[in-house]
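Structure record follows, encoded as structure tokens.
Below, each value reflects all heavy atoms present in this structure, side chains not excepted, and no hydrogens, waters or symmetry copies.
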Amino acid sequence: MHFPTNSGMELSKFAVEALKRIFRPGFHYKKAGVIVEKFTAEKEPQLDLFKNRDSRQIPLMKTVDRLNLLYGKKVRLASQDPGKVWKMKQERLSPRYSTNLDEVIQIIL
């Protein structure tokens, strides 16, 4: 991405583009998260001489954010597959001995 953005539509577009570039048939893929860093205030965008954000999306994304704030995460992009609820697989989760008393090791003599 050549410019900062908080638009879910732009982030989704770049994620799909990245997946198309790395996808190879016959390989198994897992869903992964995204780490967001280097925050920039919306009123102080970092301009790029050749590319910049699509300003037509700003009012729409503000409306989507406002609706999600009022009603919970109800409004999503079509590419986010609203029928599926993603949950992390935890079959290889390490025991939490120090934070969950039910997982403390018991030694019976």
Exercise. Is any side-chain N of the basic residue among E17 and R21 closer than 4.0 Å to the acidic one's carboxylate O?
Worked result: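 Judged by the 4.0 Å cut-off on N to carboxylate O distance, E17 and R21 do form a salt bridge.
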Exercise. Out of curiosity, N68 CG to T63 OG1, how far, rounded to the nearest 0.5 Å?
Worked result: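 Going from the CG atom of N68 to the OG1 atom of T63 covers 11.0 Å.
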For this session: Give a yes or no on this: more than 12 heavy atoms of other residues, nucleotides or ligands lie within 6.0 Å of atom OH of Y29.
Result: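 Yes, OH of Y29 has more than 12 neighbouring heavy atoms, counting only those of other groups under 6.0 Å.
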Exercise. For F23, does the CZ atom have more than 12 heavy-atom neighbours from other residues, nucleotides or ligands under 6.0 Å away?
Worked result: yes
For this session: Kindly write out the residues that satisfy salt bridge (charged side-chain N to carboxylate O under 4.0 Å, His left out) with R24, not counting sequence neighbours, or none if the list is empty.
Result: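 Here no residue qualifies.
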Problem set entry | Joint cluster assignment, L70 & V75, ILVMFWY side-chain distance < 4.5 Å |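 Hydrophobic grouping puts L70 with V75.
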Problem set entry | Single-linkage hydrophobic cluster V64~Y71, side-chain heavy atoms < 4.5 angstrom |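 Same hydrophobic cluster.
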Seminar exercise, completed: Sorted by chain and number, sequence neighbours left out, side-chain contact (heavy atoms from CB on, under 4.5 Å) with M9 holds for S7, Q57, L60, M61, L77
